[in-house]
Amino acid sequence: MDRIVLRRRGEGVVEAHEQAGSASAGVVALPAAELARYVRDRESAPVRWVWDDTTRWYPALLAAGVRVERCTDLRLAHAVLRRTPFADHDLLAGDDTAGWDALQPETATDAALFPLDDPADRLDPVAEDERQQAVLAASPERSRLGLLLAAESSGALVAAEMTAAGLPWRADVHQRLLTDLLGPRPPAGHRPVVLERLAEEIRAALGAAELNPDSPAAVLRALQTAGLPVDDTRSWTLEQVDHPAVAPLLEYKKLARLLSANGWAWLDAWVRDGRFRSSFLPGGVVTGRWAATGGGALSMPAQVRPAAVADEGWRFVVADVAQLEPRVLAGMSGDAAMAEAARASDLYQGMVASGAVATRADAKVGMLGAMYGATRGESGRMMPRLTRRYPRAIGLVEEAARAGERGEVVHTLLGRGSPLPAGAWAQRAVDLGEPPDEGDHREDRDRRRRAWGRFTRNFVVQGTGAEWALCWLADLRNRLWRLGGTGRVEQRPHLVFFLHDEVVVHTPEHLAADVAEEVRRAAVTAGRLLFGDFPVDFPLDVAVVGSWAEAG
DNA sequence: TCGATCGGCGCC
DNA sequence: AAAGGGCGCCGATCGA
């Protein structure tokens, strides 16, 4: 397959470096304005575009109606290679290392603010690509690491396409929802009438005439003055006590949250032309999960999802994986008993059926505890039992926790490495053993050590789950393209949302059933890519709906 | 006055 | 005695 490295040069010129082995090795210089046509032409045969950073190239191509099949995102690949235990890091070292380390993705606002001086332009993508390929070739885990790099780059393409397309959003539906719950939109600086009324109720119930219910400290003082035994103002805490102020306070908090997180200001800021426009950031989380910036895209409350509505004549296909992380744990640990439980569409029910635990609730709380590191309470009590039934699965997360406590790196199935701990406890653990110290400090160190162990314990599972999801997305993206006939990305079935273990596809109605089928096939492919023939299933809940809220 | 931090809560 | 992983974002509050 041809491999073409793109590089920006000054004065609106782009160089295309066709690498050895390509049909016509050499360098082509072309005006930036002609890039889209060049890329479109070359896409008629298999080609891999190599570029410094997808966010610096792909949005303009998409805007010109050009979709690419595959790329290598050097920024994301560099970040993976810097941390993976599967690579010889000396092979990645070069003059530019610090620059590649520091390279940040671009968002639409960055581009407008800093159009001229981009640090990416001081980096040499041809040299970096050669280094990365040398690292991969020398890796003892070439195939897993290669899969991770390919998946990460595909994810970058998906993210750019989703960011460009936006999530269909009906501002009128959203506004009606706000008005129904909060009252009419108030003038700037004023509370909606419903909140004002609740605030008065709270003040009356607590005998605190001036109370600002938005101030946690003031609310706490008022509650304590009224004689309530609380140390914070969390909803869960308030639900435990009986007082006339509690009901209006809980109602106030719920509605105030809606107002501040997804109220009229949110609509003004993030919804344009019938689309919620956020920015997805692949690799934005150390574990490999995506992050997003703008509008809180990854924490969209169920409450406002009715406003996500497919276009006229289009549908959403919403799919999510049930219990992704325990399934991934079964696969990566090769735990046959847990994989057997995972054969059920409800893994927790599968654990009950096999006699491992008594109830579904026990199964769920026990597995969450195993993956998050709960050692006591209901979760902790399940651990001995789970360890007996699922020795390999539980052993894997326990070992990841112990390694973290020793200050060591752990890694996902495909080789994403955890960061090294920064605290003093880790320096001492690795270099000096246990120094004598004041009791206070030792307790503090132990607390941090255990916290880091919980992080590495979760890292291996969350990170491998993210790898499964990346493979799912990448394969689905190609399947959707092949379904679609002609036209640009957003004129065909295309991804509009991704949330760790859930996807939303926007599709012309007549293709919805086909999309649902491809979503399932892509999940099978992802399972095979990660776990080969090991029999662990990833069943999906798939819904064809008009509004996101109708799914699940 | 403005940036950093806190308490809280939404999602997985 | 407390002991649960990862995020983004808000208003209030603190502090330079």
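Both backbone and side-chain heavy atoms feed into the values below; hydrogens, waters and symmetry mates do not. In this text the structure is predicted, and so the values were computed from the model without any measurement.
Listed in residue order, the members of residues 177-198 of chain A having a heavy atom less than 4.0 Å from DNA chain B come to none. The stretch residues 206-245 of chain A touches DNA chain B through P216(A), D232(A), T233(A), R234(A), S235(A), each having a heavy atom within less than 4.0 Å of the strand. Sorted by residue number, the list of members of residues 158-176 of chain A with any non-hydrogen atom under 4.0 Å from DNA chain C is empty. Within residues 341-352 of chain A, no residue is approached by DNA chain C to less than 4.0 Å at the level of any non-hydrogen atom.
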Test R197(A) against E200(A) for salt bridge (charged side-chain N to carboxylate O under 4.0 Å, His left out), laying out the working first.
CA-CA 5 Å; R197(A) 198 155 58 224; E200(A) 278 308 324; over 6 Å; no

The test is salt bridge (charged side-chain N to carboxylate O under 4.0 Å, His left out); show your working for R457(A) and E325(A) and say whether it passes.
CA-CA 12 Å; R457(A) 168 196 295 270; E325(A) 289 178 357; over 6 Å; no

Write out a two-atom table: protein N or O, nucleotide N or O from nucleotides 6-8 of chain C, distance below 3.5 Å.
from	atom 1	to	atom 2	distance (Å)
dG6(C)	O4'	Q462(A)	NE2	3.2

Run the side-chain donor-acceptor check on residues 300-310 of chain A: report pairs under 3.5 Å with partners two or more places apart or on a different chain.
from	atom 1	to	atom 2	distance (Å)
R305(A)	NE	M300(A)	O	3.1
R305(A)	NH2	M300(A)	O	2.9

Can you give me every donor-acceptor pair (side chain of residues 215-230 of chain A, partner residue at least two apart or in another chain, under 3.5 Å) with its distance?
from	atom 1	to	atom 2	distance (Å)
S215(A)	OG	A218(A)	N	3.2
Q224(A)	NE2	V230(A)	O	2.9
T225(A)	OG1	R221(A)	O	2.8

Please tabulate, one pair per line, all N/O donor-acceptor pairs under 3.5 Å involving side-chain atoms of residues 499-507 of chain A, not counting sequence neighbours.
from	atom 1	to	atom 2	distance (Å)
E502(A)	OE2	W548(A)	NE1	3.2
H506(A)	NE2	D311(A)	N	3.1

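Legend: side chain to side chain donor-acceptor pair (under 3.5 Å) pairs involving residues 174-186 of chain A, not counting sequence neighbours, sorted by first then second residue: W169(A)-H174(A), R185(A)-D268(A). The side chain to side chain donor-acceptor pair (under 3.5 Å) pairs that include a residue from residues 244-258 of chain A are R191(A)-Y252(A), D214(A)-Y252(A), where partners are two or more places apart or lie in different chains.
Listed by chain and number, the residues in a salt bridge (Lys or Arg N to Asp or Glu O under 4.0 Å) with R447(A) are D444(A) (sequence neighbours excluded).
Using cut-offs of 30° and 60° for the angle between ring planes, the F280(A) and F497(A) rings count as perpendicular.
Between K254(A) atom NZ and dG11(C) atom P the separation is 18 Å, expressed in whole Å.
Atom CD of Q349(A) and atom CD of Q323(A) lie 10.0 Å apart (nearest 0.5 Å). Atom CG of L147(A) sits about 5.0 Å away from atom CG of L414(A), to the nearest 0.5 Å.
Residue D242(A) qualifies as open at atom CG: its count of foreign heavy atoms under 6.0 Å is 12 or below. Crowding of R343(A) atom CZ: a count of heavy atoms from other residues, nucleotides or ligands under 6.0 Å exceeding 12. More than 12 heavy atoms of other shown residues, nucleotides or ligands fall within 6.0 angstrom of atom CZ in R402(A).
Two residues are said to be in side-chain contact when any heavy atoms from C-beta on lie closer than 4.5 Å; E152(A) and R416(A) meet this criterion.
Between chain A and DNA chain B, the heavy-atom contact criterion of under 4.0 Å yields a 5' to 3' nucleotide range of dG7(B) to dC12(B).
D101(A) pairs in a salt bridge (Lys or Arg N to Asp or Glu O under 4.0 Å) with only one of the listed residues (R75(A), R82(A), R83(A)), which is R82(A).
Between W452(A) and F459(A), the gap from one ring centroid to the other reaches at least 6.0 Å.
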